[in-house]
Amino acid sequence: MGADSDDGSTSGSDMSVAPSRLFAQLNLHHIPGDTMNQMTAQERSQGYFDLHCVSNPPVEETPELISRALDEFDRELSTVNEDRYALDMALEMNPEYVRGQRLKFLRADLFDAQKAAARLARHFEFRWTGN
């Protein structure tokens, strides 16, 4: 990418970085208009989707997908080793609450059960320890 100026914007029009990564590397408010104008509408949309953690296209949730994902999530949750103490404490104290969180975490990770289970464990570790 071009060199940064004092105001945080970039000079030049080096688009060697994937457009969706451009949003991750720069403050969105400092992207010059000419850089945005060089992107296609699809590239700009993908950048905004990446910025706001929205999948494109969105995952079509069907009852079968949800059921399968919840079953897989439960299997993955039993294999989580890191951050296990806080997760076990949460399951012991209020298992219904923990079970109620599963779909939220699956949606956050686009129904990747392994990632969602690890995220849930990290969530409770953070809530338990603040780290």
Side-chain angles (χ1 to χ4, degrees):
M1 253 185 285
D4 289 342
S5 67
D6 291 336
D7 67 356
S9 64
T10 61
S11 60
S13 59
D14 181 3
M15 296 296 292
S16 61
V17 175
S20 61
R21 298 290 170 229
L22 183 65
F23 286 93
Q25 293 179 5
L26 297 174
N27 182 334
L28 182 61
H29 301 290
H30 291 126
I31 295 177
D34 62 331
T35 300
M36 293 292 286
N37 289 335
Q38 291 175 6
M39 293 180 179
T40 66
Q42 183 178 3
E43 290 169 336
R44 282 192 303 272
S45 291
Q46 185 60 50
Y48 283 115
F49 289 141
D50 290 350
L51 180 69
H52 296 289
C53 301
V54 176
S55 67
N56 183 27
V59 174
E60 184 178 337
E61 292 183 23
T62 63
E64 295 80 22
L65 171 69
I66 292 172
S67 177
R68 188 175 62 247
L70 289 171
D71 290 343
E72 189 177 338
F73 183 92
D74 290 338
R75 282 191 299 277
E76 290 294 336
L77 199 57
S78 68
T79 66
V80 169
N81 293 322
E82 289 186 44
D83 305 321
R84 187 75 212 192
Y85 179 75
L87 175 61
D88 288 339
M89 291 300 294
L91 284 166
E92 184 179 316
M93 291 173 18
N94 195 344
E96 294 82 23
Y97 174 78
V98 176
R99 287 185 54 79
Q101 301 302 305
R102 298 176 305 160
L103 192 53
K104 292 177 192 176
F105 284 83
L106 281 165
R107 287 176 173 147
D109 284 309
L110 303 176
F111 290 87
D112 183 323
Q114 184 177 18
K115 288 181 181 178
R119 183 186 298 265
L120 180 71
R122 286 191 311 271
H123 166 76
F124 284 111
E125 182 67 23
F126 178 79
R127 288 193 64 184
W128 186 264
T129 66
N131 294 325

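Count residues from 1 along the sequence.
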Starting from the C-alpha separation in whole Å, work towards a yes-or-no answer on side-chain contact (heavy atoms from CB on, under 4.5 Å) for L120 and V98.
-> CA-CA 9 Å; L120 180 71; V98 176; 4.0 Å; yes
Report yes or no: do [X] and [Y] belong to one cluster of Ile/Leu/Val/Met/Phe/Trp/Tyr joined by side chain heavy-atom distances under 4.5 Å?
{"X": "L91", "Y": "F124", "result": "yes"}
{"X": "L65", "Y": "L77", "result": "yes"}
{"X": "L70", "Y": "Y97", "result": "yes"}

Would a 4.5 Å heavy-atom cut-off, applied to side chains only, mark L106 and I66 as touching?
->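 Contact flag for L106/I66 side chains = no.
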Side-chain heavy-atom pair L103, F111 within 4.5 angstrom cut-off |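 L103 reaches F111 side chain to side chain.
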Which salt bridge (charged side-chain N to carboxylate O under 4.0 Å, His left out) pairs, counting each pair once, include a residue from residues 97-119, with sequence neighbours left out?
->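 Of all non-adjacent pairs touching residues 97-119, those that pass salt bridge (charged side-chain N to carboxylate O under 4.0 Å, His left out) are E61-R107, D74-R99, D74-R102, D109-R119.
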Looking only at heavy atoms, what is the nearest atom pair of A113 and A69, with distance?
->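 Shortest heavy-atom separation between A113 and A69 comes out as CB-O, 4.3 Å.
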Which pair of heavy atoms, one from A86 and one from W128, lies closest together, and at what distance?
->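 Shortest heavy-atom contact: CB-CB, 3.6 Å.
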Do other residues, nucleotides or ligands put more than 12 heavy atoms under 6.0 Å from Q101 CD?
->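 Yes, enclosed.
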Could you grab the distance from atom CG of L87 to atom CD of E92, nearest 0.5 Å is fine?
->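 One gets 11.5 Å once the value is rounded to the nearest 0.5 Å.
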Qualifying residues under salt bridge (charged side-chain N to carboxylate O under 4.0 Å, His left out), relative to R127, sequence neighbours excluded =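 Per chain and number, R127 pairs via salt bridge (charged side-chain N to carboxylate O under 4.0 Å, His left out) with no residue.
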Going through the checks in order, is the side-chain contact (heavy atoms from CB on, under 4.5 Å) test met by R75 and T79?
-> CA-CA 7 Å; R75 282 191 299 277; T79 66; over 6 Å; no
Would you please name every residue forming a side chain to side chain donor-acceptor pair (under 3.5 Å) with D88, sequence neighbours left out?
->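 Scan of D88 (side chain to side chain donor-acceptor pair (under 3.5 Å), adjacent residues dropped) gives R84.
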Do any N or O atoms from the side chain of T129 and from the backbone of E125 form a donor-acceptor pair under 3.5 angstrom?
->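 It does hold such a pair.
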